[in-house]
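Heads up: the structure comes next, in structure tokens.
Quick note: numbers below take in every heavy atom, side chains included, and nothing from hydrogens, waters or symmetry partners. The chain is numbered in sequence order, starting from 1.
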Amino acid sequence: MSTSEIATVLAWHDAFNDSDIDTLLALSSDDIEIGDADGAGQGLSVLREWASESGLTLIAGRMFVHEGVVVVEEEASWASKPGEKSTVATAFRVVHDQVTSVFRHNDLESAFAATDLSEADAVS
């Protein structure tokens, strides 16, 4: 387990939730991939637009890590749906303390299936 990868993902969450776009971009690779069930995009300009316009807040919960992949179970809420929350899971790839990809999944099982991680990779 790499505490560096976990620290990077937690810092990324903080920057995202605080709308600290400069820090978010600094924690992300130039060619970052961002995706979910609705589609995907690539690059810092896509990240900047998504982070600025999504109205999404992601509160990190349980974490799982193996060889540069970090899956985080999160409580998600959207500004457009006040009072509504759902549990999602996001898979991050971290290389040299930068997030290179972020893919949000509807649930933990989907994230595990996409990353080959499992409960055995839980961070204690």
Is there any salt bridge (charged side-chain N to carboxylate O under 4.0 Å, His left out) pair reaching into residues 88-102, and which pairs are they, with sequence neighbours excluded?
none
Would you tabulate the side-chain donor-acceptor contacts of residues 44-60 under 3.5 Å, counting partners in other chains and residues two or more places apart, or write 'none'?
from, atom 1, to, atom 2, distance (Å)
Ser52, OG, Arg48, O, 2.8
Ser54, OG, Trp50, O, 3.2
Ser54, OG, Leu56, N, 3.2

Write out all pairs satisfying side chain to side chain donor-acceptor pair (under 3.5 Å) with one or both partners inside residues 15-25, taking only residues at least two apart or from two chains.
Asp20-Thr23
ILVMFWY cluster, Leu108 and Ile6 together (side-chain gap under 4.5 Å):
no
Those residues at least two apart in sequence (or on a different chain) that pass side-chain hydrogen bond (donor to acceptor under 3.5 Å, both in side chains) with Thr90 are Glu74
Considering residues at least two apart in sequence or located in another chain, which fulfil the salt bridge (Lys or Arg N to Asp or Glu O under 4.0 Å) criterion with Glu67?
none
Just to verify, what does Glu119 make a salt bridge (Lys or Arg N to Asp or Glu O under 4.0 Å) with, not counting sequence neighbours?
Arg62
So if you build clusters from Ile, Leu, Val, Met, Phe, Trp, Tyr with side-chain heavy-atom gaps below 4.5 Å, do Val102 and Val69 land together?
no
Is Val71 reachable from Val88 through a run of hydrophobic residues whose side-chain heavy atoms are each under 4.5 Å from the next?
no
Pairs of donor and acceptor atoms involving the side chains of residues 27-38, under 3.5 Å and at least two apart or interchain, shall be tabulated with distances.
from, atom 1, to, atom 2, distance (Å)
Ser28, OG, Trp12, NE1, 3.0
Ser28, OG, Leu24, O, 2.8
Ser29, OG, Asp31, OD1, 3.1
Ser29, OG, Ile32, N, 3.4
Asp36, OD1, Asp38, N, 2.8
Asp36, OD1, Gly39, N, 3.4
Asp36, OD2, Arg104, NH2, 2.9

Rounded to the nearest 0.5 angstrom, the NE2-CG distance for His66 and Asp121 is 6.0 Å
Are any side-chain N or O atoms of Glu5 and backbone N or O atoms of Val65, one a donor and one an acceptor, separated by less than 3.5 Å?
no
Say you draw a straight line from CD of Gln42 to OG of Ser101; how long is it, rounded to the nearest 0.5 Å?
10.0 Å
Which ring pair (Phe, Tyr, Trp, His ring centres under 6.0 Å) pairs, counting each pair once, include a residue from residues 105-124, with sequence neighbours left out?
Phe64-Phe112
Hydrophobic cluster of Phe103, others only, ordered by chain and residue number, side-chain cut-off 4.5 Å
none
For Asp107, is the CG atom crowded, meaning more than 12 foreign heavy atoms sit under 6.0 Å from it?
yes
Passes side chain to side chain contact (heavy atoms under 4.5 Å, CB included), Thr8 versus Val99? Steps please.
CA-CA 7 Å; Thr8 298; Val99 175; 4.0 Å; yes
Check Met63 against Val72 and note the closest heavy-atom contact, atom names and distance.
CE-CG2, 3.8 Å
Pairing residues for Lys81 by the salt bridge (Lys or Arg N to Asp or Glu O under 4.0 Å) criterion, not counting sequence neighbours
none
Test item: Val94 and Thr100 side chains (from C-beta on) under 4.5 Å apart, heavy atoms:
no
Quick check: is Val123 connected to Phe92 through a chain of hydrophobic side chains (ILVMFWY, heavy atoms under 4.5 Å apart)?
yes
